[in-house]
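Below, each value reflects all heavy atoms present in this structure, side chains not excepted, and no hydrogens, waters or symmetry copies.
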Amino acid sequence: MCRFAVALGRFNNAGETLVGIGNSLVQAASMDPYGKKFLSEERHEDGWGILFVNVVSSSAFHHRSVRAIFMDNPPVNIIRGGFLSNVNNDDAVLMMIHARAASTGTPKNIFSTHPVRAVTRDGFELYMIHNGSFHRDDIAREVGIDKDYAARFNDTYIANLALANRIKGDITKDDLAWLLKFVRTGGKSGHCIG
């Protein structure tokens, strides 16, 4: 299973707090004793991604890579980069960061790294990170996504695409309850709409 962190709030020292969270995720992804013991996966090396949102200024930064989080341009550089230079200590910020350990047989491509992005019927962006798995083909069948098309992507990408297509206005409990019908394992996820 993947590893991820979500931080939302106002931080006295946003840069150092978010860098610390990023560093912790890099360490967990590079050598995960729990993953090794329970799931036979010691490293989360199938891509990574990050989403920053500054709620006050309504600005966002989204980055994904198919490289391992511990082998790529260090997330610390991305966290400290241009986005945080525009964040004041009293700004509300959201950070979603995810290190992927792909399930056996699932695609490893940029679309399948998290946070995945889709656009709702109203034109809002919807981001999702997920730890576990959905029944991808069941979701695709229910919403009319071609099976061959769905096979090119992982379950989270298809789930987010289907959820975005379902949402009218704000995301509701019914929308999330609908999605949860398709959870195969896990069920821990983060969503951001804006």
### Task
Test Phe182 against Glu142 for side chain to side chain contact (heavy atoms under 4.5 Å, CB included), laying out the working first.
CA-CA 10 Å; Phe182 299 101; Glu142 181 157 324; 3.3 Å; yes
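Contact detail for Lys168 and Arg121: the closest heavy-atom pair is CB-NH2, 3.3 Å. Of all the heavy atoms in Arg64 and Val116, the pair that sits closest is NH1-CA, 4.0 Å. Contact detail for Ala29 and Ile69: the closest heavy-atom pair is CB-CG2, 3.4 Å. Here the closest non-hydrogen pair linking Leu25 and Ala99 is CD2-N, 4.1 Å. Summarising the geometry of Met96 relative to Ile129, their closest heavy-atom pair is CE-CG1, 3.6 Å, with the distance given to 0.1 Å. Ala150 approaches Ile158 most closely through the heavy-atom pair CA-CD1, 3.8 Å.
Residues Val119 and Leu161 are members of separate hydrophobic clusters, defined by side-chain heavy-atom contacts under 4.5 angstrom among Ile, Leu, Val, Met, Phe, Trp and Tyr. By the criterion of side-chain heavy atoms lying less than 4.5 angstrom apart, applied directly or through intervening Ile, Leu, Val, Met, Phe, Trp or Tyr residues, Leu51 is not grouped with Val56; the two fall into different hydrophobic clusters. Note on Leu8 and Phe4: same hydrophobic cluster, where clusters join Ile, Leu, Val, Met, Phe, Trp and Tyr whose side-chain heavy atoms are under 4.5 Å apart, directly or indirectly. Cluster membership check: Ile139 shares its hydrophobic cluster with Leu176, using side-chain heavy-atom separations under 4.5 Å among Ile, Leu, Val, Met, Phe, Trp and Tyr.
The line from CZ of Phe52 to NE2 of His62 is 11.5 Å long, rounded to the nearest 0.5 Å. The CZ atom of Phe153 sits 9.5 Å away from atom CD1 of Ile145, with the distance rounded to the nearest 0.5 Å. Once rounded to the nearest 0.5 Å, the distance linking OG1 of Thr120 with CG of Asn160 reads 10.5 Å. Note: Trp178 CH2 to Leu180 CG = 10.5 Å, rounded to the nearest 0.5 Å. For the atom pair Tyr127 OH and Leu94 CG, the distance stands at 10.5 Å (nearest 0.5 Å). A distance of 10.0 Å separates CG of Asp138 from NZ of Lys181, quoted to the nearest 0.5 Å.
Looking at Val6 and Met95, their side chains never come closer than 4.5 Å, going by heavy atoms from C-beta outward. Annotation: side chain of Leu163 is in contact with side chain of Leu126 (closest heavy-atom distance under 4.5 Å). The closest side-chain heavy-atom distance from Leu179 to Phe134 is below 4.5 Å.
Within a 6.0 Å radius of CZ in Phe111, other residues, nucleotides and ligands contribute 12 heavy atoms or fewer. Around the NZ atom of Lys108, the shell of radius 6.0 Å holds no more than 12 heavy atoms that belong to other residues, nucleotides or ligands.
Just one of Thr106, Thr113, Asn131 meets the side chain to side chain donor-acceptor pair (under 3.5 Å) condition when paired with Arg100; it is Thr106.
The closest donor-acceptor contact from the side chain of Arg117 to the backbone of Glu125 lies at 3.5 Å or more, if one exists at all. Proximity of a side-chain donor or acceptor of Ser65 to a complementary backbone N or O of Gly47 within less than 3.5 Å is not detected. A side-chain donor-acceptor contact under 3.5 Å links Asp122 to the backbone of Gly169. Side chain of His114 to backbone of Gly49: no donor-acceptor contact under 3.5 angstrom is found. Between the side chain of Asn109 and the backbone N or O of Arg152, at least one donor-acceptor pair lies under 3.5 Å. Distance alone, capped at 3.5 Å, is enough to place a donor-acceptor pair between the Asp175 side chain and the Thr172 backbone. Between the Asp155 side chain and the Arg136 main chain, no donor and acceptor come within less than 3.5 Å of each other.
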